[in-house]
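Not measured: the values here are computed from a predicted model.
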Amino acid sequence: MIGFGRKQAWLAVRSDDPTAVIGALGLLDLGVVGWRDGLDLAHLTDDRVAVTPPIAGARDGTWVLVVGRRLLTTVDAPEVVALSVALGTEVQYFATHRVGEIHRWGRAVDGVLVRDFGFLGESGEVIRWRGDPDDAERAVGLPLDLPPRGVDVDILLGEGDVMRLAAAWSVDPTSLEGKPASGPLHIAAA
């Protein structure tokens, strides 16, 4: 496997069936692709995503990751919830892009939005805050509550914090480098 995650967006779906994930997303499976080629294509195009085989991860879960630049702008809390409903499982969303210092994550479990968070580091602005932060989020530096408008709070988040949270919730995709894959990487089209 090859790691990814920086300047990228991805979904983590608690599943052992990449085909079901592709179908629930309404994507066309274009077939198997090498990891480097697939991740490059997903990163450089707006209509392709790479879909991993099942990966063992946090909380004794098996996770299918869907990665692509397309997800930076097309996935939001309602889509995460809808996918969670369609698959009857937990779905997470992560995005990080250091150019604007945007860092986002969300989580739905069995069709219920548990968390939706977004931070624009360029301005220090929290742009999304739904649900309460859990212990893993507190460990990366979030306060218990969103401070009222006009109240200054120092939230400092970076790409590494997003990866640490992904590791606690599901899989840190930067940690995949060199590990054996349980199956092939698929490329899918919107």
Side-chain angles (χ1 to χ4, degrees), residues 1 3-5 8-29 38-39 42-43 46-97 102-119 127-137 140 142 157 159 161-176 181-183 185-190:
M1 292 190 285
F4 63 87
Q8 194 58 274
W10 69 97
L11 296 168
V13 180
R14 192 172 196 138
S15 174
D16 59 2
D17 188 353
T19 303
V21 173
I22 291 169
L25 285 167
L27 300 172
L28 175 63
D29 187 348
L39 292 173
H43 182 72
D46 290 328
D47 65 340
R48 301 286 191 270
V49 294
V51 182
T52 69
I55 299 170
R59 299 175 291 128
D60 295 322
T62 303
W63 302 88
V64 172
L65 307 182
V66 180
V67 58
R69 184 173 82 184
R70 168 178 203 280
L71 300 175
L72 280 170
T73 57
T74 61
V75 174
D76 210 338
E79 287 79 17
V80 173
V81 170
L83 186 56
S84 177
V85 168
L87 292 168
T89 192
E90 182 172 351
V91 178
Q92 304 164 3
Y93 170 74
F94 301 93
T96 183
H97 202 283
I102 188 162
H103 308 293
R104 290 182 50 211
W105 54 78
R107 183 174 174 197
V109 180
D110 297 326
V112 176
L113 182 65
V114 175
R115 190 72 169 118
D116 185 23
F117 174 81
F119 179 72
I127 56 175
R128 297 180 184 281
W129 186 291
R130 292 186 201 138
D132 296 322
D134 65 10
D135 291 342
E137 289 175 282
V140 299
L142 289 189
L157 294 173
E159 290 175 322
D161 298 312
V162 177
M163 301 314 154
R164 281 192 295 282
L165 183 63
W169 281 5
S170 54
V171 174
D172 170 0
T174 63
S175 72
L176 301 178
S182 65
L185 185 76
H186 282 253
I187 197 77

Worksheet entry | Short side-chain to backbone donor-acceptor contact, Ser182 and Pro53, under 3.5 Å | no
Fill in: Side chain to side chain, Asp161 and His103, heavy atoms closer than 4.5 Å
no
Discussion item. Please report the interatomic distance CG(Leu165) to CG(Leu142), rounded to the nearest 0.5 Å.
Written reply: 8.5 Å
Discussion item. Would Asp17 and Val64 count as a side-chain contact (heavy atoms from CB on, under 4.5 Å) here? Give the steps.
Written reply: CA-CA 7 Å; Asp17 188 353; Val64 172; over 6 Å; no
Worksheet item: So which heavy atom on Leu65 is nearest to which on Pro173, and how close?
Response: CD1-CB, 4.4 Å
Practice prompt. Dump the intermediate steps for salt bridge (charged side-chain N to carboxylate O under 4.0 Å, His left out) on Arg70 and Asp47, then the final yes or no.
Written response: CA-CA 6 Å; Arg70 168 178 203 280; Asp47 65 340; over 6 Å; no
Worksheet item: If you look only at pairs with a residue in residues 51-68, which of them pass as a side chain to side chain donor-acceptor pair (under 3.5 Å), with sequence neighbours excluded?
Response: Arg59-Glu90
Discussion item. Please report the interatomic distance CG(Leu39) to CD1(Ile187), rounded to the nearest 0.5 Å.
Written reply: 8.0 Å
Discussion item. Which heavy atom of Ala136 sits nearest to which heavy atom of Ala168, and what is that distance?
Written reply: CB-CB, 3.6 Å
Worksheet item: Ile22 versus Val49: any side-chain heavy-atom pair under 4.5 Å?
Response: no
Worksheet item: Taking Arg115 for the side chain and Gly131 for the main chain, is one N or O donor matched with an acceptor at less than 3.5 Å?
Response: yes
Worksheet item: Arg107 and salt bridge (Lys or Arg N to Asp or Glu O under 4.0 Å): which partner among Asp132, Asp116, Asp134?
Response: Asp134
Worksheet entry | Closest non-hydrogen atom pair between Gly111 and Val85, with its separation | CA-CG2, 3.4 Å
Practice prompt. Using a 4.5 Å cut-off on heavy atoms from C-beta on, say whether the side chain of Thr74 contacts that of Glu79.
Written response: no
Worksheet item: Looking only at heavy atoms, what is the nearest atom pair of Leu72 and His97, with distance?
Response: CD1-CD2, 4.1 Å
Worksheet, complete the sentence: The reported gap from OG in Ser15 to CD1 in Ile55 (rounded to nearest 0.5 angstrom) is 11.5 Å
Worksheet item: Which atoms form the tightest heavy-atom contact between Val51 and Ala188, and what is the distance?
Response: CG2-CB, 4.5 Å
Worksheet, complete the sentence: Separation between CZ (Arg128) and CG (Asp76), nearest 0.5 Å, reads 4.0 Å
Worksheet item: Side-chain contact, heavy-atom cut-off 4.5 Å: Trp169 with Arg14?
Response: no
Fill in: Flag side-chain contact, heavy atom, 4.5 Å: Asp46 against Arg69
yes
Fill in: Thr19 and His186, any side-chain heavy atoms less than 4.5 Å apart
no
Worksheet, complete the sentence: Here the pair of heavy atoms bringing Pro54 nearest to Pro18 is CD-CG, 3.9 Å
Discussion item. When you compare the side chain of Val171 with that of Leu176, does any pair of heavy atoms fall below 4.5 Å?
Written reply: yes
Worksheet, complete the sentence: Exactly one of Val109, Val13, Val21 clears side chain to side chain contact (heavy atoms under 4.5 Å, CB included) with Val91, and that residue is Val13
Worksheet item: Leu25 versus Leu83: any side-chain heavy-atom pair under 4.5 Å?
Response: yes
Worksheet item: When the ring centroid of Tyr93 is compared with that of Trp105, is the distance short of 6.0 Å?
Response: no
Practice prompt. Can you measure from CG (Leu11) to OG (Ser170) and round to the nearest 0.5 angstrom?
Written response: 10.0 Å
Worksheet, complete the sentence: To the nearest 0.5 Å, atom CG of Leu157 lies from atom CD1 of Ile102 at 12.0 Å
Discussion item. Could you check, using the six-membered ring where one of them is a Trp, whether Trp10 and Phe94 have ring centers closer than 6.0 angstrom?
Written reply: yes
